[in-house]
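Only one structure is covered here, and it is reproduced in the block below.
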Amino acid sequence: MTFAKSYEPGAFESDIYAAWEAAGIFDPKITPFPVDDNGDGTDDREEPVSTKMPENALSRNIFGDGPNTERPSPVTTGARERSEKDASLASSTFSIVLPPPNANGNLHIGHGLTVALEDSLTRFYRLKGLSSWFIPGADHAGFETWVVYERELEKQGHTRFEYSRDDLYARVWDFVAKQRGNMELQLRALGASCSWHDLTFTLDENVIDRVYTTFEKMWNDGYIYRGEKLVNFCPKHQTAFADIEVEHQDEPGTLWDIAYELVDAASKSVHSRHFATDEERVSEVPPVTTGRDERAENETFSMPIQEIIVSTTRPETLFGDAAVAVNPDDARYKDLIGKRVKLPLTDRTIPIIADEHADPEYGTGAVKITPAHDFDDFEVGERHNLPRLQVIAEDGTMINVPEEYLGLTTKDCRKKVLKDLKEQGLLRGEKKITHSVAHCYKCGTVLEPMLKDQWFVDVEKLAKTAIEHLENNEIKFHPENKKKVLINYLKNLKDWNISRQIPWGIAIPMFRKTDPHATDEPDWIFDRRTNLKEIEKAGVKYVRDEDTFDTWFSSSHWPIVCTDWTEENFNPYYPLNVMETGADILFAWVARMIMMGLYVTGEVPFREVYLHGLVLDEHGKKMSKSKGNVINPMDLVTRFGSDAFRLGILRGRSAGMNQAFSENSVIAGRNLCNKLWNISRLVESIVDEEPEDALLAERSEKDASPALYTTDDMGEDWICREINTCLDQVESDMKDYRFAEAVEILYQTIWDKYADWFIESQKLYKNTPLLKRTLEILLIALHPFAPFVTEAIWQNLSWTNGFIATAKWPEKLKFDPISAENFETIRTIVQEVRTTLQALPGTNNAKKYPLLYDNDSIVNDNQLLIKTLTKVPKINSLDGAPRGLRLALANHELYLDVPEQVVNNYKDTLTERILSVGRELDALNLRMANPNYVNKAPEHLVKETQDQIKEKEALIDRLKVQLSLI
RNA sequence: GGGCGGUUAGCUCAGCUGGCUAGAGCGCGUCUUUGACGUAGACGAGGUCACAGGUUCAACUCCUGUAUCGCCCACCA
C-alpha cells in the first residue's frame with residue numbers, strides 16, 4: 001500500500017468508519033449480562049431470551065427494522081449479589097452514554113464537543129484494554145419535536161384538535177421516522193465509536209417499561225400525588241412546563257394603582273388617622289397613595305378616605321382576587337387588617353389580610369391577592385385559606401367574569417378594565433417599571449400561571465437521599481464546584497410537575513374513575529395499558545389520563561435503561577464510569593438521574609460527572625441563529641476533517657467553562673494531522689528502502705538484548721524518554737479529564753520533539769525498528785483524539801496489523817538516561833548555533849562559517865549530527881588560540897569561525913547579551929543575599945540557585961573575554 | 001438579593017496542590033526549494049499576569065477588598 005502524497009481526510013474517513021463498524025470493534029467485549037459462565041466473554045445477544053409482547057401499542061420501536069431488536073434480555077438468576085468476580089468484571093469495563101440528541105434534528109456544535117470528549121474517553125479506555133461501551137441514543141425530544149410537528153400541521157391547514165391523542169402520536173412517530181437518521185450519520189462522521197445496535201430511543205419499549213415500573217413504585221410509595229397547583233402554562237402550545245423550562249426576561253411594564261373601596265369603613269380616613277395619632281412622625285410618614293401630584297394628595301386629607309390602594313401589573317386578574325394583603329408591620333394599614341373591601345367592577349367583597357409577602361417599600365404597600373393566577377399569591381392563598389378563582393382559561397381568554405368581560409383575551413380585558421376603572425375614578429396612578437416576565441422557551445409567548453390538576457412527584461425524600469450520597473463523595477465532579485451547586489439546588493427543590501399536555505411523549509399510566517357512585521374504589525388507578533382509552537377493573541370503568549410525562553422523567557432513567565440494568569442481575573456497566581454532558585442541564589438532567597438512579601437501583605448512576613460549558617463564537621459570544629454566528633460542526637468536518645475538528649474543539653477547553661471557539665484551532669488540528677501524515681510517509685519510505693533484518697543483525701552484534709529495537713545514538717534514547725513522559729502525561733490527564741492538556745502534550749511531542757529533532761536526526765542515523773515502534777506509539781496515543789488519521793496511517797503502514805482502534809496501549813520504552821540527557825545538551829548547542837547565526841549580519845550564514853570546538857567530548861563524538869542539524873559546513877577541533885565568535889554557552893568551548901569584521905559587527909549584540917545575563921545574575925545574587933531564603937527555602941532550591949550563579953558567572957566571564965578580543 | 005466563573009501576548013486560551021527566564025495555537029517580522037510536510041522548516045518580536053492591600057524567604061498561583069465582564073438561582077404586586 002502506498003501513501004497518498006497529501007493528507008486528504010475526505011478521501012478516507014467514511015471508509016474507515018464503515019470498516020470499524022463492520023468489524024464490530026465498537027461492541028463491548030464483555031456482554032452486559034455475563035451470567036452464562038462461558039468465561040470467554042462471548043456475546044449472548046444472538047439468542048435473545050423471550051421478549052414481552054408489546055402491551056403498549058404506542059410503543060412501537062422506531063428502529064424496529066434494525067438490529068436493536070436483538071438487544072440482550074436479562075436472564076433471571078435470582079437475587080443480585082456482588083461477588084469478587086463481579087467486582088473484577090466491573091473494573092474491566094468502561095461505560096458511558098451519549099446524551100441522546102434529538103432524533104429528527106441535526107447536530108450542533110455542542111454535540112460536536114460532546115462527541116469529541118466522550119469518544120476520546122471511550123477510545124482511550126478501549127486501548128487501555130477495558131471492555132468499553134459507548135451507548136448511543138436518540139431523543140424523542142417531546143416538546144421540541146412537538147413544536148416542529150405542530151408547525152407542520154399548521155402549514156397544512158390543520159390543528160391538533162382535529163385528531164385524537166393516539167392519532168397524533170402515530171403521526172409524529174411517522175414524521176420522526178422519516179426525518180431521523182441525519183444525526184446518526186453525523187455522529188459517525190465525528191468518529192463516535194458507539195455500539196450502534198444498542199442505540200436506545202427514548203420511546204423504546206424497554207424505556208417505557210422501566211418508566212412505568214418506577215412510576216408504579218412511586219405511586220405505591222406515595223411519592224406521586226395529583227394536585228391542583230399553579231403551573232407555567234403556554235397558551236399557544238397548550239401545555240404546562242416545569243419551573244426549569246421557563247425563561248425569564250426583564251421587560252418594561254406598568255404598575256397601576258387601583259383603589260379598592262372599604263365596605264365597612266374605618267372610623268377615620270386612612271390619612272387623617274396618621275396625622276391624628278402620629279403627629280410627631282408626620283414628616284416621615286409616606287403617603288398611602290403614590291405617583292401623584294402632591295397637592296392633590298393633600299386635598300384628600302380633608303376628606304375621609306374609605307379605600308385602600310393596591311399596586312398591580314395585571315389589572316385584568318382583579319376578578320380573581322381573593323384578598324388584599326398588607327404587611328403586618330406596616331403601621332399605615334394596621335387598623336385595616338380584617339376589614340373588607342369591595343372588588344372594583346364587581347359586587348364581590350374580599351378581606352384585607354396581613355401577610356409578609358406584602359412589601360411596605362414597594363408600590364403602595366398593599367397588594368391584591370389572586371391565588372389562581374400568580375405564584376406568590378397562590379402561596380399567600382394557601383397560608384390564609386383563600387379561594388382560588390380561575391378567571392383566565394387555558395386559551396388565554398377570560399372566564400368567570402362579569403358578562404362584558406367574558407371571552408376577552410387578557411390583553412383586551414386589561415384595556416377594558418383600565419378604561420372602566422378610570423371612568424369610575426378608581427385608577428389612581430401608573431408607573432413604568434421593569435420586571436421579569438416568564439416566557440415559553442420555544443415560542444416566546446408570555447406564560448400564564450394556570451391552575452391545573454397535574455401529577456407531581458414529591459421530591460423531598462429523593463432529594464434528601466441524593467444529597468446524602470453526594471455528600472458522601474460517591475460522585476466526583478469536574479469541575480469540582482458543581483457538586484456544591486447541585487447540592488444547593490437539591491436543598492431548595494420544589495415538587496416536580498411531571499404532567500405535560502402534549503401527545504408526543506410517554507403516556508402517563510393513570511386512569512380516572514368515571515362512576516362517582518363507586519365510592520369504595522379509588523379515584524385514580526395505575527395501569528400499564530395506556531393504549532386503551534378506557535379500561536374496566538372489578539366492574540368499574542376508568543378513563544385514561546390524556547397527559548404525557550415530562551421528558552426529564554423518562555430521561556432520568558437513562559443510565560438504567562441504556563445499560564439494561566435489572567433488579568436480578570449484576571451488571572458490570574452500571575453505574576456508568578462517567579456522565580458527560582452540558583453544564584446547562586446539571587439541574588434538569590444530572591440531578592434527576594442521580595435521584596432516579598438511587599431510587600430505582602439504590603446506587604448512584606455514575607461515578608463521575610464531567611460537565612462541559614458552552615461553545616461560544618470566536619469573540620466569546622453565545623451562538624444564536626438571530627446573531628448569525630452559529631458554527632456548524634459538520635461544515636468544519638467537511639472542510640478540515642473530523643480529526644481536525646476534534647483536536648480543535650478540545651484545545652484550550654476546560655471543564656465547565658464557556659469558551660470561545662474558532663476555525664483557527666481547527667486549522668491547527670488539521671496541520672497536526674498533516675504533519676503526522678508526512679512523518680509517517682517519511683518513516684515508511686525509510687522502512688521500505690532499508691531491509692530490517694540486516695539492520696537488526698548489525699545492531700544485535702553490538703547488543704545482545706533481544707529487544708525489538710535498540711537505542712544507541714543519543715537522539716534515540718532521548719526520544720524514548722520524551723515519549724515515555726508523554727504517555728505518562730496523557731494517562732494522568734485522561735484520568736483527570738484534562739483533555740486539552742493531553743492533546744497539548746501529544747502535539748508537542750509529535751511535532752516539536754519527534755518531527756523536529758528525532759526524525760531530523762534519523763535522517764543521519766537510521767534505527768528502523770525504533771522508528772517503527774515510536775511511530776506506532778505516537779499513533780496509538782493520538783488515536784483517541786484523532787481516530788481517523790491515525791487509523792488511515794496505520795492501515796497504510798507496511799508492517800502494522802489489525803485496527804489501531806483496538807491496538808494495545810503502549811508499554812514504556814527502555815532508554816539510557818545519560819545518553820538522553822546528552823542529547824538535550826546537543827539540542828542546546830544546536831539552538832545556540834542557530835540563534836547566533838541568525839543574529840549575524842547577512843543571510844545564509846549557516847553555510848558560511850565552520851564551527852570550532854575545544855576539548856568538548858560531546859561535540860567531538862557527535863560532529864556529524866551537529867553538522868546536520870545546524871547546517872554548518874564543517875566542524876573542526878580548535879588548533880591553536882581561540883578565534884572567531886565564542887558561543888554563549890556555559891561549559892562549552894565553541895566558536896563560530898567568522899572573520900574579524902563580522903565579529904566586530906556582532907559587538908553590540910554581545911554587549912547586550914552580557915548585560916542581560918548580568919541582570920539574571922543580579923536577581924540570583926539578591927536571592928542568595930537574603931538569609932531567610934537560604935534558611936527557609938528547601939535545600940535543593942538553594943543549591944539550584946547556587947549552581948545557576950556559578951553558571952552565569954562563568955558565562956559572563958567568557959563573554960567578556962570574547963568582547964575584549966574584539 | 002444569593003451563588004458561580006472570568007480578567008495572563010494583537011486574538012483565543014493553558015499555567016493543577018505557591019519556587020524556572022510566565023507558555024501554546026493563530027496572527028506578526030526576518031530568513032530557508034534541506035530524503036516527508038510551504039497545511040513546512042529555522043530564528044525572532046510581543047506580557048507591570050485587572051487593581052489595591054495582606055500572608056510568605058518566595059505570589060500569576062493563597063487570603064481580603066475594589067473594579068469590570070459573563071452565567072445560574074430567587075424576587076420583582
Side-chain angles (χ1 to χ4, degrees), chain A residues 3 5-7 243 248 250 253 255-256 310-314 317 325 357-359 362-370 374 376-377 433-437 479 481-482 484-485 488-489 492 583-584 586-587 613-614 616 618-620 622 640 644 648 651-654 656-665 667-686 689 736 738 740-741 744 747-748 755-756 759-760 763 831 834-839 843-846 868 870-871 916 919-920 923 927 930-938 940-942 944-945 948:
Chain A
F3 267 108
K5 182 98 173 47
S6 59
Y7 165 65
D243 299 345
H248 291 274
D250 278 342
L255 187 63
W256 285 279
V310 303
S311 303
T312 183
T313 54
R314 304 208 55 189
T317 64
H357 169 64
D359 177 2
Y362 196 92
T364 60
V367 54
K368 67 194 223 27
I369 300 298
T370 323
D374 182 280
D376 291 316
D377 293 3
I433 55 155
T434 301
H435 61 156
S436 102
V437 180
N481 73 302
K482 292 292 180 191
K484 221 170 59 186
V485 175
N488 200 38
Y489 168 78
N492 299 309
D584 54 335
L586 173 64
F587 298 154
L614 251 43
L616 308 174
E618 58 183 323
H619 304 294
K622 212 168 167 170
F640 301 108
R651 218 139 209 254
R653 202 160 291 275
S654 53
M657 291 279 298
N658 295 346
Q659 268 153 340
F661 171 67
S662 76
E663 225 169 272
N664 279 344
S665 56
I667 290 173
R670 190 268 320 259
N671 292 355
L672 177 69
C673 295
N674 178 60
K675 189 74 186 175
L676 195 60
W677 185 264
N678 284 294
I679 288 170
S680 305
R681 281 178 59 209
L682 178 64
V683 171
E684 180 63 53
S685 74
I686 291 172
E689 75 192 28
D736 295 336
R738 295 156 64 94
E741 286 79 356
E744 191 68 36
Y747 204 105
Q748 280 174 19
D756 291 349
I759 292 279
E760 287 305 319
K763 286 177 180 171
Q831 279 173 325
R834 286 170 175 170
T835 308
T836 311
L837 286 169
Q838 286 275 345
T843 61
N844 239 336
N845 288 324
T868 306
T870 58
K871 311 275 191 281
S916 136
R919 282 193 292 272
E920 288 165 22
R927 198 181 295 172
N930 182 348
N932 282 324
Y933 176 71
V934 181
N935 294 335
K936 293 187 183 174
H940 73 272
L941 281 173
V942 177
E944 201 177 285
T945 310
Q948 281 172 353

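Convention: sequence-line order gives letters A, B, ...; per-chain numbering from 1. The shown structure was predicted, so the numbers you read here are calculated from the model rather than taken from an experiment. Hydrogens, waters and symmetry mates are skipped; everything else that's a heavy atom, side chains included, is used.
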Checking contacts here: which listed nucleotide (B:G19, B:C16, B:C43) is nearest the side-chain heavy atoms of A:Tyr933? B:G19

Assign A:Asn678 to base, sugar-phosphate, or nothing according to its heavy-atom contacts below 4.0 angstrom with the strands shown. base

Which is true for A:Lys622 with a 4.0 Å heavy-atom rule: it touches a base, it touches only sugar-phosphate, or it touches nothing? nothing

By the 4.0 Å heavy-atom rule, please label A:Lys482 as base, sugar-phosphate, or nothing. nothing

With P as the reference atom in both, quote the distance from B:A9 to B:U61 in angstrom, rounded to an integer. 15 Å

How far does the P atom of B:U66 sit from the matching atom of B:G3, given to the nearest Å? 13 Å

With the threshold set at 4.0 Å, does a side-chain nitrogen-carboxylate oxygen contact exist between A:Lys763 and A:Glu760? yes

Contact under 4.0 Å: A:Lys675 side-chain N or O vs B:G41 OP1/OP2: yes

With no angle test and no hydrogens, is the base of B:A36 tied to the side chain of A:Glu760 by a donor-acceptor pair under 3.5 Å? yes

May I have the distance from A:Tyr747 (atom OH) to B:G23 (atom C1'), rounded to whole angstrom? 15 Å

C1' atoms of B:G5 and B:C43, separation to the nearest Å: 39 Å

Could you give the distance separating B:A45 and B:U33 at their C1' atoms, to the nearest angstrom? 26 Å

Just checking A:Pro479: base, sugar-phosphate only, or nothing, at a heavy-atom cut-off of under 4.0 Å? nothing

Value in whole Å for how far the P atom of B:G6 lies from CG of A:Asn658: 12 Å

Distance test, side-chain N/O of A:Arg670 to OP1/OP2 of B:U39, below 4.0 Å: no

Measure from the side chain of A:Met657, starting at C-beta and using heavy atoms only, and say which of B:G6, B:U30, B:C37 lies closest. B:G6

Pairwise P distance, B:C63 and B:G18 [rounded to whole Å]: 11 Å

Rounding to a whole Å, what distance do you find between A:Asn481:CG and B:G2:C1'? 15 Å

Pick the P atom in B:C62 and in B:C4, then give their distance to the nearest Å. 15 Å

Describe the nucleic acid contact of A:Ala740 in one word from base, sugar-phosphate, nothing, applying a heavy-atom distance below 4.0 Å. nothing

P atoms of B:U32 and B:G70, separation to the nearest Å: 48 Å

Test item: A:Asn930 side-chain N/O and A:Asn932 main-chain N/O as donor-acceptor pair under 3.5 Å: yes

Applying a 4.0 Å non-hydrogen cut-off, can you work out what A:Gln831 is touching in the nucleic acid: base, sugar-phosphate, or nothing? sugar-phosphate

Closest nucleotide among B:A36, B:G25, B:A40 to the A:Arg681 side chain: B:A36

With the side chain defined as heavy atoms from C-beta on, A:Ala937 is closest, among B:C26, B:U39, B:C57, to B:C57

Of B:U39, B:A24, B:A36, the nucleotide closest to the side chain of A:Ile679 is B:A36

By nearest atom, which of the nucleotides B:A36, B:C37, B:C57 is closest to the A:Asn674 side chain? B:C37

Distance between P atoms of B:A40 and B:G53 (Å, rounded): 46 Å

Rounded to the nearest angstrom, tell me the gap between atom CZ in A:Phe587 and atom P in B:C73. 7 Å

Of the candidate nucleotides B:A36, B:A14, B:U12, which contains the atom at the shortest distance from the side chain of A:Glu741? B:A14

Between B:C75 atom C1' and A:His248 atom NE2, what is the distance in whole Å? 10 Å

Can you see if the side chain of A:Ser654 gets near the phosphate of B:A14 - specifically, an N or O under 4.0 Å from OP1 or OP2? yes

